[in-house]
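Structure, as structure tokens:
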Number of protein chains: 2
Amino acid sequence: MKKIKILLVDDHKLVRNGIKYTLESGRSAPFISSIDEAVNGDEAILKCKINRYDIIFMDINMPEKDGIAATKEILKNDQFTKIIALSMYDEDYEIRSMIKAGAVGYLLKNTGTEILDEAIQTIINGGKYYSNDVAIKLLEPNPGTSREKIKIIRETNQNESVLTKRELQILELIAAELTNEEIAAELNLSKRTIDSHRQNIINKLQVKNTAGLIKYAFKIGII
Amino acid sequence: MKKIKILLVDDHKLVRNGIKYTLESGRSAPFISSIDEAVNGDEAILKCKINRYDIIFMDINMPEKDGIAATKEILKNDQFTKIIALSMYDEDYEIRSMIKAGAVGYLLKNTGTEILDEAIQTIINGGKYYSNDVAIKLLEPNPGTSREKIKIIRETNQNESVLTKRELQILELIAAELTNEEIAAELNLSKRTIDSHRQNIINKLQVKNTAGLIKYAFKIGII
DNA sequence: AAATACTTAGGTATAAATACGCATTAATTA
DNA sequence: TAATTAATGCGTATTTATACCTAAGTATTT
């Protein structure tokens, strides 16, 4: 059996050490040939141009380049690399974005040896692996069998409540503590336009007010 | 030389593994007798009632009970335990709160073996250890020698623009997307009282509006 | 005992946000 | 090309938030 090459991408050394230690002490250890590290998305992309990795564990929230963008770019160059997302949070938006970007797995950082091994085995054999909490989150709203469900979600994904460019831009300015009037001035638009956008964003995200908007802005990492 | 007993407190298993691995592979390894783990502040407090630990590595942001509260409570029962704060972020507020709570060290999670060893040695010998970035943050605004500086900060701490209990409570409810009226109902107070508090908080924090409030709430980790 | 800070609450006013509906134009996609 | 979505803008109304002020009762600290 061919041994696998792994890349760990996370801006926190202790977390990288944690994964490394967990991998080296797990059931999959004999099948691993090397474990490389990168501190952010940019470095990960660079390393992928030099080496070929079988599995990449990718953190989502990182400075320089986040895991979602890095995943997209890496898979553009090499579709055979398997990318497993790693996150602190089981946030709907992050999960779906990573899946959309091409990740074949999603684990939370409170994962132990057994789950990590299971995920590696599954993915090496061409499967997909979502940790339990993540899967539950993903499959909550829809009926059908589990496999169908994931398919449904992928298809529905585009119609989902993801903001448009303009909306994102306005959300950023809201987060910068500007009023609608100030935003309008900034973008050379009517205040009423910003009113509408703001309302649409609130509806799309199903939040109640500005507080909800800012929390979402944090969630998707634009703050 | 007496071997030391260590407790790791963090809600993420990978992070606990990371610290453990880093400790076990470091220079301090021969001096460590055991490494115990807890997943949140509550469990840490409980474990401290059963065992005596020489050093506790304490995460700050955790569910159930955060690191600041846990630190206070643990030190109330045993002042000889040395607590080292561990955080993702070098946020002023967190650092100062942990120092105030009695932590003798503050490390960021991107710490490697060398720093970790250095910190342990320093603290075992009765010293205090702040990782470089943290120390810089702490000492930025004030003149004087480093030791004096820390003293100054401790004394100034109370006069600082930190929110009162009530204000924090209201900020949390604002972050939960409640309106002032709903908050008033929740706390059995007049809406006008909440209006006043909200205004005071905005003034204290020098932010412009709700967006600023929520960003601050994130910064201090109450979201 | 006096000073200080916290909590409470009201007066008054304006600014801003929220809610729903409608409509046009540009851009994208089927 | 037809259909859909994104971006723009306005009408109207209500609710919330922001701003600045005063002030009294409560704790806490000096």
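Labels below follow one simple rule: chain letters A, B, ... track the order of the sequence lines, proteins then strands, and each chain is numbered from 1. Just so we're clear, the structure is a prediction, and the values are computed from it rather than from any experiment.
Residues meeting the side chain to side chain donor-acceptor pair (under 3.5 Å) test with B:N51, sequence neighbours left out: B:Y53. When the side chain to side chain contact (heavy atoms under 4.5 Å, CB included) test is applied to A:S196, no partner is found at least two apart in sequence or on another chain. For B:A69, the side chain to side chain contact (heavy atoms under 4.5 Å, CB included) partners are B:K65, B:D66, not counting sequence neighbours. With sequence neighbours left out, B:T164 forms a side chain to side chain donor-acceptor pair (under 3.5 Å) with B:E167. With sequence neighbours left out, the side chain to side chain contact (heavy atoms under 4.5 Å, CB included) criterion links B:I202 to B:V207, B:L213. Judged as a side chain to side chain donor-acceptor pair (under 3.5 Å), and not counting sequence neighbours, the contacts of A:N180 are A:D195, A:R198. The side chain to side chain contact (heavy atoms under 4.5 Å, CB included) search around A:E181 returns A:T179, A:K191, not counting sequence neighbours.
Taking five base pairs at each end of the helix from C:dA1-D:dT30 to C:dA30-D:dT1 and finding the rotation axis that steps the C1' atoms of four pairs onto the next four gives two axes whose angle is 60°, to the nearest 10°.
No donor-acceptor pair under 3.5 Å is formed between the side chain of A:K208 and the backbone N or O of B:L178. A donor-acceptor contact shorter than 3.5 Å is absent between the side chain of A:K215 and the backbone of B:I214.
Per the geometry, CG belonging to A:N200 stands 12 Å off C1' belonging to D:dT5, to the nearest Å. Rounded to whole Å, the distance from CD1 on B:I194 to C1' on C:dC6 is 14 Å. In this structure, B:E177 atom CD and C:dT18 atom C1' are separated by 13 Å, rounded to whole Å. Remark: C1' of C:dA9 and CZ of B:R166 are 13 Å apart, rounded to the nearest angstrom. Between B:E167 atom CD and C:dT8 atom C1' the separation is 12 Å, expressed in whole Å. Here C:dA17 presents its C1' atom at 15 Å from CG of A:L171, a figure rounded to the nearest Å. Between B:L187 atom CG and C:dT7 atom P the separation is 12 Å, expressed in whole Å. Regarding A:L189, its CG atom lies at a distance of 14 Å from the C1' atom of C:dT25, rounded to whole Å.
Taking side-chain N and O atoms only, A:T193 has no distance below 4.0 Å to OP1 or OP2 of D:dT8. At least one side-chain nitrogen or oxygen of B:H197 sits closer than 4.0 Å to the OP1 or OP2 atom of C:dT8.
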Sub-3.5 Å pairs of nitrogen or oxygen atoms, protein against nucleotides 26-30 of chain C:
none

For nucleotides 15-20 of chain D, give me every protein contact, N/O to N/O, under 3.5 Å, one pair per line with atom names.
| from | atom 1 | to | atom 2 | distance (Å) |
| --- | --- | --- | --- | --- |
| D:dT16 | OP2 | B:E181 | OE1 | 3.4 |
| D:dA17 | OP1 | B:R198 | NH1 | 3.4 |
| D:dA17 | OP2 | B:N180 | N | 3.0 |
| D:dT18 | OP1 | B:T210 | N | 2.9 |
| D:dT18 | OP1 | B:T210 | OG1 | 3.2 |
| D:dT18 | OP2 | B:R198 | NE | 2.9 |

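When the options B:L189, B:I194, B:T193 are evaluated for a side chain to side chain contact (heavy atoms under 4.5 Å, CB included) with B:I183, the one that passes is B:I194.
Under the 4.5 Å side-chain criterion, counting only non-hydrogen atoms from C-beta, A:L163 is not in contact with A:I170.
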Reading nucleotides 25-30 of chain D from 5' to 3' and marking B where a protein heavy atom lies under 4.0 Å of the base, S where only the sugar-phosphate is that close, and - otherwise, the string is ------
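Residue A:I68 comes nearest to A:A101 through the heavy atom pair O-CB, 3.9 Å, listed as atom of the first residue, atom of the second, then distance. Here the closest heavy-atom approach between residue A:A70 and residue A:I45 is recorded as CA-CD1, 4.0 Å.
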Using distance only, find each side-chain donor-acceptor pair of residues 4-11 of chain A under 3.5 Å and give its atom names and separation, not counting sequence neighbours.
| from | atom 1 | to | atom 2 | distance (Å) |
| --- | --- | --- | --- | --- |
| A:D10 | OD1 | A:H12 | N | 2.8 |
| A:D10 | OD2 | A:K109 | NZ | 3.0 |

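If B:T164 and B:S190 are placed on DNA chain C by their nearest nucleotide, the residue sitting closer to the 5' end is B:T164.
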